[in-house]
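Presented below is the structure to which this report refers.
Side chains included, hydrogens not; waters and symmetry mates left out as well; all remaining heavy atoms used. This structure is a prediction, so every number in the text was calculated from the model and none was measured.
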Amino acid sequence: MSEYAIELNHITKSFGDVQVLKDVTLKVKKGQIVGLVGENGAGKSTMMNVLDGIYQKNGGEILVDGKPYNPHGPKDAAAAGIAFVQQELNLFTNLSVLENLYITGMLKNAVGLINKKAMYNVVKEKLKEIGADDLSPNAIIGTLPMGQRQMVEITKSIMIDANVIIFDEPTTSLSNSEKVKLFKIFNQMREQGKSIIFISHILEDVMEYTDEIAVLRDGEIISQRPTAECDTNTIIKEMVGRELTNIYPTCEKEVGDVVFQAKNICSADRFDNVNLDVREGEIVGIFGLMGAGRTELMRCIFGLDPMTSGEVVYKGNQIKPVTPENCIDNGMAMITENRREEGLLLPKTLTENIVLSSLKTHRKNGNRFFMDAAKEKEDAAKMRDSLLIKTFDVHKQQAGTLSGGNQQKVVFAKWVLSDPKVFILDEPTKGVDVGAKYEIYSIIQNLAKEKSAVIMVSSEIEELMGICDKILVMAENKFTGEFSREDGFVPEEIMKYCVGGAE
């Protein structure tokens, strides 16, 4: 019996002429947590998809408990005791928690009928195991916040009693308390002899909760060694292939007068006279704990969710009614936190996605029925070069085939091309590696330099402190504190206001 739960030896994988994995070797011992880090596009997801049987390797061998393993689909992986909790959740939003967890293998009674009561009890027990006992098995997935959806996805791996669990960015949608629960589950699994591959861009978590760290760059494993022998700077250098001494870029800019206002925003059972002012060229950060109302307020301001009363004003002109179309026509743009469902058309090409918010400016000779294909291609190529989008062909590659970081850049490109004057960003670096984060921060700084007013929601207080001119704190659907760069940001003081005030 092997000491390794899983071994990847000299794995190669190509898509056409593009080689994504190059002689990859990774070994994970039983009862071990291995952190896998690398830039977006390094090949992490491809590597795990090979392990899960979604892709077939071109060369090399995979061993599970010392025995050859050649999966041809996720069913083979599940049969071998391998579970893959993917970054982009694979849940049916119109079905309940119970129905998602029992898509296959439904329990039946003695006469062969589906035993819904027994399934309910099993799901309730499994949710309790991961500390999500407040979540009803009958809850419809589409009504749940992203954090709870993530916990449902994690429960899948527990349901099949996997011995090897791959977690791809599992904490990006979790609150701090939910993250604590998740890492407690990690430790329980390790004590049970299970092995975990933990893919994350949050290096602090990788350094704290893993036994070993493997670094993947450009389809090759650069290193794999005990976490105790690693330091953050070395890991970053190995990830990006260079020193990254300045995580947060700076630029010279002028902050002008107030140009954007949300006045007395009210929403049934949510907001009561909430106000927000943003100056020209200013980056305003919105910070708060999960459920504070940050995302919901941004959606109201952009017309995605209804307001019962209030005004949205740009340069003294009221946007009325507040709908996404009117907001866009008045120079507003919004990047939502859920890029796959709300930001991209995954089966469409990058060009088709990039021009989506500026179709009116791409009409041929002003004709509403014909598009100027040459101009679309020209502008898409310009955005590709400007935002450093990694693609083999901007006009042919589908958005759904890109890495998470490059998908996020395509979302930015779609809005930047429309030349926005008010930019709302909801978790813009979610699931993005440290190198791509720097590039996205640079995009945000350039927007402000070009005199756009920027509102940025983030759960990472460090990045708000790194690039924002002002940070507003939300708690219980209202603003409770305001901090400026001029006065200095103190994270402990900011956190105090997350629970409703400094007392």
Side-chain angles (χ1 to χ4, degrees), residues 143 145-147 175 255-338 342-343 357 415 418 420-428 444 447-448 452-459 461 464 468-484 494 497-502:
T143 66
M146 292 303 293
S175 65
V255 176
D257 297 328
V258 172
V259 290
F260 177 79
Q261 295 173 289
K263 297 181 177 181
N264 301 315
I265 303 299
C266 296
S267 177
D269 302 321
R270 192 87 207 193
F271 304 112
D272 184 18
N273 293 313
V274 176
N275 293 278
L276 172 65
D277 295 345
V278 189
R279 296 179 292 171
E280 186 177 73
E282 184 178 38
I283 304 174
V284 175
I286 310 292
F287 184 71
L289 303 179
M290 191 76 74
R294 300 167 301 164
T295 292
E296 292 78 7
L297 179 61
M298 297 303 108
R299 292 178 66 87
C300 276
I301 291 173
F302 198 68
L304 291 171
D305 291 341
M307 295 187 302
T308 52
S309 63
E311 297 179 10
V312 176
V313 179
Y314 175 65
K315 285 194 172 180
N317 297 315
Q318 184 179 351
I319 299 174
K320 190 175 181 179
V322 180
T323 64
E325 184 177 10
N326 280 344
C327 288
I328 293 170
D329 287 343
N330 281 274
M332 292 180 64
M334 180 176 180
I335 292 181
T336 65
E337 65 174 333
N338 189 348
E342 299 175 336
S357 292
W415 289 113
S418 68
K421 298 307 177 187
V422 179
F423 218 131
I424 301 173
L425 311 173
D426 193 357
E427 302 285 3
I444 296 170
L447 286 168
S452 288
V454 180
I455 305 168
M456 178 174 168
V457 174
S458 176
S459 298
I461 192 171
L464 293 180
C468 292
D469 303 296
K470 180 170 67 178
I471 297 176
L472 302 177
V473 183
M474 282 197 80
E476 298 180 349
N477 304 310
K478 61 181 180 293
F479 290 117
T480 57
E482 179 178 323
F483 300 85
S484 69
I494 294 173
Y497 286 84
C498 289
V499 292

Arg270 and Asp305: side-chain contact (heavy atoms from CB on, under 4.5 Å), yes or no, with the steps? CA-CA 11 Å; Arg270 192 87 207 193; Asp305 291 341; over 6 Å; no

Between Trp415 (side chain only) and Ser357 (backbone N and O only), is there a donor and an acceptor less than 3.5 Å apart? no

Ignoring hydrogens and angles, tell me if any N or O in the side chain of Arg294 forms a donor-acceptor pair with the backbone of Met474 under 3.5 Å. no

Do the side chains of Leu304 and Thr336 get nearer than 4.5 Å, heavy atoms only? yes

Heavy-atom closest contact (Ala262 atom, Ile301 atom, distance): CB-CD1, 3.9 Å

How many angstroms lie between CD1 in Ile494 and CD1 in Ile471, if you round to the nearest 0.5 Å? 4.0 Å

With rounding to the nearest 0.5 Å, note down the distance linking CG in Asp277 to CZ in Phe260. 9.5 Å

Starting from the C-alpha separation in whole Å, work towards a yes-or-no answer on side-chain contact (heavy atoms from CB on, under 4.5 Å) for Val473 and Phe483. CA-CA 8 Å; Val473 183; Phe483 300 85; 3.8 Å; yes

Between the side chain of Asp469 and the main-chain N/O of Ile283, is any donor-acceptor distance below 3.5 Å? yes

For the pair Asp426 (side chain) and Val457 (backbone), establish whether a donor and an acceptor sit closer than 3.5 Å, ignoring hydrogens and angles. no

Grab the two heavy atoms, one from Ser452 and one from Pro420, that are nearest each other, plus how far apart they are. OG-O, 2.6 Å

Mind checking whether Val284 and Leu472 have side chains closer than 4.5 Å, heavy atoms only? yes

Identify the two heavy atoms, one from Val322 and one from Cys327, that lie closest to each other, and give their separation to 0.1 Å. CG1-SG, 4.1 Å

Straight-line distance of Arg279 CZ to Gln261 CD, nearest 0.5 Å: 13.0 Å

Any side-chain heavy-atom pair from Met456 and Leu464 closer than 4.5 angstrom? yes

Give the intermediate values and the outcome of side-chain contact (heavy atoms from CB on, under 4.5 Å) for residues Glu296 and Phe271. CA-CA 9 Å; Glu296 292 78 7; Phe271 304 112; 3.7 Å; yes

Scanning both residues in full, the closest heavy-atom pair of Cys300 with Pro306 reads SG-O, 3.7 Å

Shortest non-hydrogen contact from Tyr497 toward Ala475: O-CB, 3.7 Å

Indicate yes or no: at least one non-hydrogen side-chain atom of Lys263 is less than 4.5 angstrom from one of Gln318. no

Arg299 side, atom CZ; Glu337 side, atom CD - distance, nearest 0.5 Å: 8.5 Å

Can you find a pair of side-chain heavy atoms, one from Ile455 and one from Met298, that are under 4.5 Å apart? yes

For residues Asn264 and Ser309, determine if any side-chain heavy atom of one lies less than 4.5 Å from a side-chain heavy atom of the other. no

Pairwise side-chain contact, Asn330 with Asn317, heavy-atom cut-off 4.5 Å (strictly under): no

State, yes or no, whether a side-chain contact exists between Ile286 and Phe479 at a heavy-atom distance under 4.5 Å. yes

Interatomic distance, Ile265 atom CD1 to Asn275 atom CG [nearest 0.5 angstrom]: 7.5 Å

Ser458 and Glu427: side-chain contact (heavy atoms from CB on, under 4.5 Å), yes or no, with the steps? CA-CA 5 Å; Ser458 176; Glu427 302 285 3; 4.0 Å; yes

Minimum-distance pair of heavy atoms, taken over all atoms of Ala448 and Val454: N-CG2, 4.4 Å

Working to the nearest 0.5 Å, report the span between CD1 of Ile319 and OH of Tyr314. 9.5 Å

